[in-house]
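So the structure is just underneath, and the comments pick up after that.
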Number of protein chains: 2
Amino acid sequence: MHTASTLELALLSLLQQQPRSGYALRRAFATTPLTHFSDSPGAIYPALQRLRRRGWIRLAPRIRQTNGRGKRTMAPTPRGIAAWRTWLRRPVERPDIIGGMDEVMLRFAFLEEGVSRRAAARLLVSLQKQIAAYLPTLEAYAAEAAASMSLSGRLALQSGIEGYRARARWARRAEQRLTRPQQKAAGAKRARRSGRTR
Amino acid sequence: MHTASTLELALLSLLQQQPRSGYALRRAFATTPLTHFSDSPGAIYPALQRLRRRGWIRLAPRIRQTNGRGKRTMAPTPRGIAAWRTWLRRPVERPDIIGGMDEVMLRFAFLEEGVSRRAAARLLVSLQKQIAAYLPTLEAYAAEAAASMSLSGRLALQSGIEGYRARARWARRAEQRLTRPQQKAAGAKRARRSGRTR
DNA sequence: CGGGACATGTAAGATGTTACATGATTGA
DNA sequence: TCAATCATGTAACATCTTACATGTCCCG
């Protein structure tokens with residue numbers, strides 16, 4: 001199975017929602033704050049070409065082509081969708097939380113609509129596990145290195161540690177929200193709670 | 001003034017502490033959790049060559065060259081230090097907090113030893129300002145888009161918003177720690193406070 | 001004397017950035 | 001008609017990844 005760049009996966013995530021043109025994708029990146037990808041044509045059009053050559057997306061049946069010199073609307077192929085789902089399902093590994101938290105959050109954001117609420121909850125479990133495994137390493141380093149660091153250095157390190165702790169807390173809360181749905185403030189929809197979480 | 005990659009700046013930050021060889025830099029990245037840079041020779045040696053060609057670092061007087069086929073120890077030049085300080089002093093801008101928070105934290109971590117405690121506090125002020133300016137945009141988007149998003153999508157967005165809020169709170173606390181230093185718990189070292197920090 | 005850490009590099013390839021090129025459509 | 005927005009792309013360049021190449025030193 002091909003590996004894909006984060007940009008390609010983000011593109012696929014948006015196309016899976018609905019067929020779009022390159023320009024529409026650019027605008028989505030420019031106006032969506034989820035994760036910031038470049039909205040530059042020099043990144044997006046080549047990425048779309050790669051996806052097309054790989055057989056993950058294709059030109060969608062032209063709805064109308066009123067605008068521009070021909071709007072080229074793209075849609076994912078079944079193989080593209082399959083590859084996307086495989087990516088979504090990947091559990092969180094150590095390297096993901098060190099350099100690639102953005103990618104993890106992108107995955108989580110689309111996991112429910114791409115696979116299932118259950119799968120989204122599972123990702124949060126593996127995320128919590130990885131953070132729990134990584135934090136002691138970080139804390140040990142902080143304890144050991146603090147003496148030789150400036151105050152601003154220590155504070156920066158502390159910020160990183162607190163960031164991980166906050167992320168883990170969020171993951172725990174989010175997991176609960178996903179696994180035992182309960183009524184929102186707005187009216188008493190569904191007051192009972194059926195057993196079986198997770 | 002040349003623009004430099006984050007890796008180059010990180011390299012310069014470490015060399016400024018003490019002259020090191022490429023291998024020592026690689027190990028620093030491999031064992032330091034501050035920000036994760038690649039410890040691959042294919043990234044570091046070319047980056048060092050670029051810095052050398054640019055005149056920002058030079059071969060340090062060979063202390064001893066017992067090991068390997070000749071350990072090449074590098075040290076920053078005055079021009080390198082000047083460029084590094086210019087980078088450190090840059091206030092936080094909008095793009096920095098969207099895609100480049102790692103770089104901001106790297107800058108902050110070295111600001112005290114590179115410039116001054118005051119300058120580190122100033123960076124935190126501009127960081128808080130940028131976050132305060134960006135949060136309403138994010139929140140407005142969340143309020144508007146929530147209806148059309150899955151629960152996991154909403155939770156992911158919420159995580160981003162909470163992350164910014166947590167970062168802003170940290171910045172406020174850190175700024176206080178930097179601007180009014182007070183004695184640490186460990187013994188009454190230096191009970192008096194002379195004016196003038198930096 | 002063999003393996004692992006020390007040590008520096010190159011080559012091929014993927015990806016992204018910045019800047020430019022091109023042209024249609026729409027509203028003031 | 002002029003500018004803005006829509007729309008798609010390419011070219012040059014920088015940077016990073018992965019994999020390989022090479023050789024030394026030290027310890028068991």
Side-chain angles (χ1 to χ4, degrees), chain A residues 1-12 14-15 19-31 35-54 56-57 59-60 62-74 95-96 98-100 102-103, chain B residues 2-12 15 19-31 35-54 56-57 59-60 62-74 95-96 98-100 102-103:
Chain A
M1 185 72 69
H2 238 54
T3 53
S5 73
T6 310
L7 176 62
E8 287 166 5
L9 268 347
L11 253 12
L12 210 46
L14 290 175
L15 290 179
R20 294 170 205 244
S21 65
Y23 189 75
L25 290 163
R26 282 182 62 199
R27 264 186 327 179
F29 286 143
T31 61
T35 317
H36 200 59
F37 292 99
S38 81
D39 61 339
S40 78
I44 286 174
Y45 291 109
L48 287 172
Q49 281 164 7
R50 286 196 301 272
L51 287 168
R52 199 139 44 109
R53 277 200 301 269
R54 205 178 297 158
W56 287 11
I57 65 175
L59 280 164
R62 195 74 33 84
I63 313 292
R64 285 168 313 150
Q65 63 118 308
T66 45
N67 264 4
R69 78 181 159 210
K71 180 150 49 169
R72 299 163 74 71
T73 304
M74 312 283 184
D96 291 325
I98 293 183
D102 276 3
E103 207 225 68
Chain B
H2 239 52
T3 54
S5 73
T6 310
L7 176 61
E8 286 165 6
L9 268 347
L11 253 13
L12 209 46
L15 290 180
R20 292 172 207 244
S21 66
Y23 189 76
L25 291 163
R26 282 181 63 198
R27 264 185 328 181
F29 287 143
T31 61
T35 317
H36 200 59
F37 293 99
S38 80
D39 60 338
S40 79
I44 286 175
Y45 291 109
L48 287 172
Q49 280 164 7
R50 287 196 300 272
L51 286 168
R52 198 139 45 110
R53 278 199 301 267
R54 206 178 296 157
W56 287 11
I57 64 174
L59 280 165
R62 195 72 34 85
I63 313 292
R64 283 169 314 148
Q65 63 116 308
T66 46
N67 264 3
R69 78 180 160 209
K71 180 151 48 169
R72 300 163 73 72
T73 303
M74 312 283 183
D96 291 325
I98 292 182
D102 275 4
E103 207 225 69

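Here the structure is a predicted model, which is why all the values come from computation and not from measurement. Lettering follows sequence order; numbering is per chain, from 1. All values below were derived from every heavy atom in this structure, side-chain atoms included, with hydrogens, water molecules and symmetry-related copies excluded.
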Kindly say if [X] contacts the phosphate of [N], meaning a side-chain N or O under 4.0 Å from OP1 or OP2.
| X | N | result |
| --- | --- | --- |
| R27(B) | dA5(C) | no |
| R50(B) | dA14(D) | no |
| R72(B) | dA7(C) | no |
| S21(B) | dC6(C) | no |
| Y23(A) | dC6(D) | yes |

Which pairs of donor and acceptor atoms, one on a side chain in residues 20-31 of chain B, lie under 3.5 Å apart (sequence neighbours left out)?
from: R20(B); atom 1: NE; to: L14(B); atom 2: O; distance (Å): 3.3
from: R20(B); atom 1: NH2; to: Q17(B); atom 2: OE1; distance (Å): 3.0
from: S21(B); atom 1: OG; to: A24(B); atom 2: N; distance (Å): 3.1
from: R26(B); atom 1: NE; to: D39(B); atom 2: O; distance (Å): 2.8
from: T31(B); atom 1: OG1; to: R27(B); atom 2: O; distance (Å): 2.9

If you measure from [atom1] on [X] to [atom2] on [Y], what distance do you get to the nearest 0.5 Å?
| X | Y | atom1 | atom2 | result |
| --- | --- | --- | --- | --- |
| L12(B) | L51(B) | CG | CG | 6.0 Å |
| L48(A) | L7(A) | CG | CG | 8.0 Å |
| L11(B) | W56(B) | CG | CH2 | 12.0 Å |

Given atom [atom1] of [X] and atom [atom2] of [N], what is their separation to the nearest angstrom?
| X | N | atom1 | atom2 | value |
| --- | --- | --- | --- | --- |
| L51(B) | dT8(C) | CG | C1' | 16 Å |
| M74(A) | dA7(D) | CE | C1' | 12 Å |
| E103(A) | dG16(C) | CD | C1' | 16 Å |
| F29(B) | dA7(C) | CZ | P | 17 Å |
| K71(A) | dG9(D) | NZ | C1' | 17 Å |
| L7(A) | dT17(C) | CG | C1' | 12 Å |
| R53(B) | dA14(D) | CZ | P | 10 Å |

Looking only at heavy atoms, which two atoms of S38(B) and I44(B) are closest? And how far apart?
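Reported closest heavy-atom pair: O-CD1, 3.8 Å.
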Over all atoms of both residues, closest heavy-atom pair of L15(B) and M74(B):
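Minimum heavy-atom separation between L15(B) and M74(B): CD2-O, 3.6 Å.
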End-to-end axis angle, where each axis spans five pairs of the helix from dC1(C)-dG28(D) to dA28(C)-dT1(D), to 10°
20°
Counting the atoms with a prime plus P, OP1 and OP2 as sugar-phosphate, which does R26(A) contact under 4.0 Å by heavy atoms, base, sugar-phosphate, or nothing?
base
Got a sec? Which of residues 37-49 of chain B come in under 4.0 Å of DNA chain C, heavy atoms?
P41(B), G42(B), Y45(B), Q49(B)
Are the side chains of T6(B) and D102(B) in contact, using a 4.5 Å heavy-atom criterion?
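No, their side chains stay 4.5 Å or more apart.
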